[in-house]
Structures are given as structure tokens and as C-alpha cells.
Amino acid sequence: MLNLDAYAYSSKLRALHPIQKLFIAFPPLLFGLWVNRPSISIVILLSMCVLVVGFGRTSFWVWLKLMTLPAIFLTLGLLGVLVEWSSENETFTWWINMFGFYFGVTPNGLNKSFHIGLNALAAVSCLYFLALTTPLGDLLRTFYQLKVPKLICELMSMMYRFIFLLIETAETIHTAQVSRLSNATIKSRYRSFSTLVFRMFVRSHHLASEQFTALESRGYQGELTVLNPTTQSTPVLGFVMPAVLYSLIISVYFTA
Amino acid sequence: MSSSIISTHNLSICYADGTTALSDVSVEIERGKTTAILGGNGAGKSSLLLTFNGILKPSTGTVRFNNESISYQAKDLLALRKQVGMVFQSPDTQLFSASVFEDISFGLMNLGLPENEIRRRAEDIMQKTGISALQNKPTHWLSFGQKKRIAIAGVLVMQPDVMLLDEPTSGLDPQGEIEIIALLTNLARELGLTLIMATHDLDLVAMQCHNAIVLSEGRVLFQGTVKDMFHQTEMLQNAGLRLTRIGELMKTLETHDGFEFQELALTISEARKELKHALIKIQENLSHDE
């Protein structure tokens with residue numbers, strides 16, 4: 001999470017208006033899910049890779065590593081689609097016999113899980129495009145502009161600000177615990193983890209009340225009213241990119 | 001106008017759990033000067049600061065700002081807090097936004113100023129406090145000292161008359177300490193600010209503060225100039241305080257080694273002067289004997 005944030009800040013595509021980036025990420029995501037065709041998924045996957053790595057100058061290996069993260073969940077999910085069971089073994093390409101039943105893989109199931117797998121990866125790549133080019137702060141400001149309810153925006157921005165503080169605090173407590181051999185036995189590990197969680201609640205509560213005092217000192221009246229750092233520009237590139245991307249996807253859709 | 005900008009009269013604060021944070025505190029803060037609030041842990045320093053901008057409401061007694069009793073109506077409190085700003089000990093409790101600019105604009109937005117005025121003031125204060133280069137970075141990438149600067153900028157931008165500082169130097173490295181103090185004193189002089197700081201840092205008090213208030217267990221033990229305070233050895237001991245290290249050295253030289261000084265020196269420059277004097281005197285005596 002910490003690193004993802006850092007990549008977004010150093011991306012060359014940060015200069016694009018967040019709304020432009022939303023237009024790059026979401027229509028292909030929805031279209032890909034709706035069409036569910038491997039050719040479209042591959043086009044989306046490759047385009048996102050080119051955009052993030054080629055234009056955003058994020059390292060290809062970083063992108064690849066991040067893409068493999070959801071692969072674990074995907075594999076587990078696809079196993080359910082891939083493996084079927086039956087009392088006959090005619091349709092199976094590979095099978096094993098267990099408890100009088102046949103468990104195996106059919107060409108149909110293989111095809112289906114290939115479709116789903118590619119489709120899911122393409123969808124994830126769209127979201128990664130957003131995550132790797134747009135710092136959350138920029139995105140939140142856009143949500144304000146798009147009239148997303150204020151309460152949700154404020155909650156998100158507070159969470160974003162304090163998640164890092166929370167991680168830091170948790171790490172400090174954990175280090176203090178380990179220095180006193182909290183990880184010596186399984187039992188003490190469980191016990192120290194529960195104290196850690198408890199301490200985090202107490203700290204958070206304490207911090208919240210202090211924060212409230214600090215906000216009041218600056219005239220807080222129930223709303224976190226702030227001003228955008230800069231009025232964001234809308235570079236031409238931000239219009240060209242979705243246009244090229246859409247025409248690419250549509251042409252593949254009609255030719256294939 | 002009178003010389004005191006904030007004063008308290010027989011102020012007491014009792015918390016809901018029955019503990020008394022402050023009892024019968026009557027102090028005056030001089031306009032345009034830097035006042036230190038000293039005392040051990042739990043002496044009531046922070047509580048006193050929080051009464052000055054109306055966060056804590058006195059159980060009995062009154063707080064006066066510009067010779068008028070503070071009103072605790074929401075509208076009046078807003079006006080008061082514009083004039084009396086507070087910088088908290090930990091910048092992490094104060095900075096609520098991940099964006100530096102957003103955090104600084106918060107106070108101004110609450111004052112309902114027009115947008116271009118806010119931008120102008122924010123740019124100006126970021127330049128003055130030396131944080132312009134940080135404004136595009138998220139808060140969690142910054143160091144403690146940088147966050148402290150932003151916290152100070154977020155208060156200064158409201159153009160207060162008084163700045164309350166809770167432990168302004170705690171948690172900073174020596175270099176950061178010097179920078180923050182230089183920043184504060186320069187700005188205070190330039191803008192005619194009244195600074196009030198709760199602190200344990202006696203060197204800071206000796207060098208930068210004009211007046212001091214010493215608290216112990218919620219009561220005022222001393223109120224007056226810093227020079228006078230350091231002369232009251234017994235009172236300092238009762239409050240759990242001491243002289244500055246330099247001051248202790250000078251006192252030891254005087255009592256144990258027969259040096260004769262004219263005044264109690266507390267800082268390096270004062271000590272140099274006194275030591276030079278004493279040396280010249282010794283040399284004179286020696287040549288006299290011969």
C-alpha cells in the first residue's frame with residue numbers, strides 16, 4: 001500500500017486530470033466484463049501495460065509483480081470452475097477416480113476458466129492503471145467535484161491520512177513486543193497480538209479526541225472545508241489516450 | 001491599550017473525574033512578548049494553554065482577551081480562535097489532511113475568506129515558513145520537523161495575534177530545534193506576535209523568553225521575568241525545575257571555587273561575559289599583589 005502510493009506520485013501520468021484517467025480505466029473495465037472475450041481482454045491488458053509502463057514510466061517488473069498478486073486468488077477461484085465431477089468419465093480430458101466418482105477437467109471447463117481468468121486480469125489491470133497513476137488525494141478531490149456525498153469523501157480522506165499513522169503505530173508496538181520476546185511461543189504470539197489490537201483501539205480513540213481539539217482550535221464547524229492545491233489542467237494527451245484506446249477495443253471487437 | 005493581552009482571574013478547572021487541573025490561577029500575558037509556561041509533567045501547562053483559546057471552559061473564574069471576558073458562544077469562539085492560534089505538541093494530531101496545501105487552507109476556509117485571498121495567503125505563509133517545496137508531497141512522506149513546520153504554518157496563516165505552542169521543540173533533533181525556534185522568533189518579531197509556550201526546555205526559556213509562569217500541581221508558583229525566576233532557587237526546586245546547565249556551572253564556580261560574578265549568567269554569551277570579567281579581576285588582583 002505504501003509503495004503503491006509512491007508509484008502513483010512519481011508516475012508521469014499524474015499530470016492527467018483524474019477524470020480523464022477515470023475515462024481510461026472504467027469504460028474498458030466495464031466493456032471487457034460485459035463482452036467477456038479473450039481477444040478483448042488481451043487488448044485491454046496490453047494497453048494498460050503500455051499506458052502504465054510506457055507512458056507512466058512505472059517499472060515493468062513492478063507492474064508484473066503487482067499483477068501476480070491477485071493471481072493467487074484467481075487460481076483458487078478458477079479451480080472451482082475448472083474441476084468438475086461426474087459418475088462417467090467420457091467428457092473428461094484428464095481425470096482421477098475417487099470414491100467411485102470421476103473428478104476431472106473438460107475442454108469446456110478449461111475454455112471457460114481461461115475466459116474468466118483473462119477477463120479478471122484485464123479488469124484488475126484497469127484498476128491498477130488508476131492506482132499506479134493517481135494518488136488517492138487527487139482522486140478524492142475529484143470525488144468532491146463529482147458531488148459524491150461529503151461525509152464519504154471526508155471519511156475516505158481521514159482514513160487515507162491516518163492509515164499510515166496506524167501502520168506506524170502498529171509497527172512500533174510490534175517491535176516493542178518482539179523486543180520482549182512476545183514471539184517466543186505460539187501462545188504468547190496470540191496473546192501479544194490481542195494486546196496489540198486492543199492498544200490500537202485505545203490509541204486511535206486518544207488520537208481522535210486530540211485531533212478534534214486541534215481542529216476546533218482552527219475553527220472547525222463540523223465540515224472539513226479545504227481548498228484544492230491547484231486547479232488541475234486537462235492535457236490533450238488525456239483526450240487522445242481514451243480515444244485511441246476505445247477505437248482499438250472496438251475495432252478488435254468487430255474484426256474478431 | 002493595556003500591556004496585557006490575555007489574563008486569567010481566579011481560574012479553576014476541574015475535570016469530570018474530579019481531578020483539579022488548575023486552581024485559582026491568576027496570570028497576565030504581556031502583549032508582544034514571549035512567555036514561557038513551566039512546570040513538571042501534569043502541572044497544568046497544557047490545560048492553561050487550552051483555556052486561552054476557549055477549548056477548555058473554566059469551572060470558576062474568567063479568562064480575558066484584550067480586557068474582555070471570553071464568551072463561549074460558537075460565533076465568538078470562532079473569532080477568538082482566529083486571534084489565538086494553537087500549535088500542538090505532535091504535528092500528527094494537528095495535520096488532518098494528506099495534502100500540505102489542503103491542511104493550510106483549512107483555517108482560512110473556516111474564516112470564510114474568498115478563494116484567491118486564501119491562495120495568496122497560503123502561498124505567502126508557505127514561503128515564510130520554508131515549506132513551499134513540500135506542498136506536492138503527501139504528509140506521510142515528511143519528517144517530524146517538516147510536519148512541525150506545516151503545523152505552524154497552518155496556524156500562522158490565520159494571522160493570529162497570539163500563538164500558543166505546546167512543547168515546540170520536543171521530538172526535534174538539535175538542528176531542527178534551532179530552525180524552529182529561529183523561525184518562530186523571527187516571525188514573532190516581524191508580525192508582532194505574542195508567543196506563549198509550554199515547555200521543559202530551560203535553555204530555550206533562558207534564550208528566547210521574556211516572561212515566565214511556573215506552575216506546580218495546578219497552582220501558580222511564580223510569575224514574572226525569566227531573569228527573576230532563575231534567581232528563586234527554592235521555588236524552582238519546588239516546581240521540579242533547575243537552572244540552565246550553564247547557570248548551574250556558574251553557580252558552582254561561585255560557591256565552590258571562589259569565583260566572583262556580578263550577575264547570574266544563564267546562557268553561553270552571558271557566561272562568557274562574566275568569565276571575562278572575573279578573569280580580568282583576578283589578573284588585576286595578581287598585579288596589585290606584586
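Lettering follows sequence order; numbering is per chain, from 1. From a predicted model like this one, the values you see are computed outputs, not experimental measurements.
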Query - Residues, nucleotides or ligands: over 12 heavy atoms within 6.0 Å of A/F193 CZ - result: no
Query - Max heavy-atom pair count under 4.5 Å with chain A, selected residue of B/I104, B/L77, B/D103, B/L164 - result: B/D103
Report summary line: Here the pair of heavy atoms bringing B/M158 nearest to A/R218 is CE-O, 3.8 Å
Query - Part of B/D92 within contact of chain A (heavy atom distance under 4.5 Å) - result: both
Report summary line: Counting heavy-atom pairs under 4.5 angstrom with chain B, the leader among A/A208, A/A214, A/G137 is A/A214
Query raised in the report: Any idea which heavy atoms bring A/L227 and B/M109 closest together, and the distance?
Result: CD1-SD, 4.0 Å
Query raised in the report: What part of B/F96 lies closer than 4.5 angstrom to a heavy atom of chain A: side chain, backbone, both or neither?
Result: both
Query raised in the report: Can you tell if the side chain of B/F106 reaches within under 4.5 Å of the side chain of A/L215, non-hydrogen atoms only?
Result: yes
Query raised in the report: Of the non-hydrogen atoms in B/L95 and A/R161, which two are nearest, and what is the gap between them?
Result: O-NE, 2.8 Å
**Report entry** Interface moiety of B/S97 toward chain A, non-hydrogen atoms closer than 4.5 Å
**Finding:** backbone
Report summary line: Minimal heavy-atom distance between B/N110 and A/Q221, with the atoms involved, is O-OE1, 3.7 Å
Report task. Kindly indicate whether the side chain of A/R141, heavy atoms from C-beta on, has any atom under 4.5 Å from the side chain of B/S99. Result -> yes
Report task. Mind listing the closest non-hydrogen atom pair of A/Q211 and B/Q94 along with its distance? Result -> NE2-O, 3.8 Å
Report task. Flag the one option from A/M158, A/E216, A/E168 with the top tally of heavy-atom pairs under 4.5 Å to chain B. Result -> A/E216
Query - Nearest-0.5 Å distance, CH2 of residue B/W141 to CG of residue A/D5 - result: 6.0 Å
Query raised in the report: Measuring heavy-atom distances to chain A, does B/P160 have an atom under 4.5 Å in its side chain, in its backbone, in both, or in neither?
Result: neither
Query raised in the report: Considering heavy atoms only, which positions within residues 40-52 of chain B lie below 4.5 Å of chain A?
Result: B/L50
Report task. Specify which of B/G54, B/A151, B/P138 makes the most heavy-atom pairs with chain A at under 4.5 Å. Result -> B/P138
Query raised in the report: With only heavy atoms counted, which part of A/F162 is less than 4.5 Å from chain B, the side chain, the backbone, both or neither?
Result: side chain
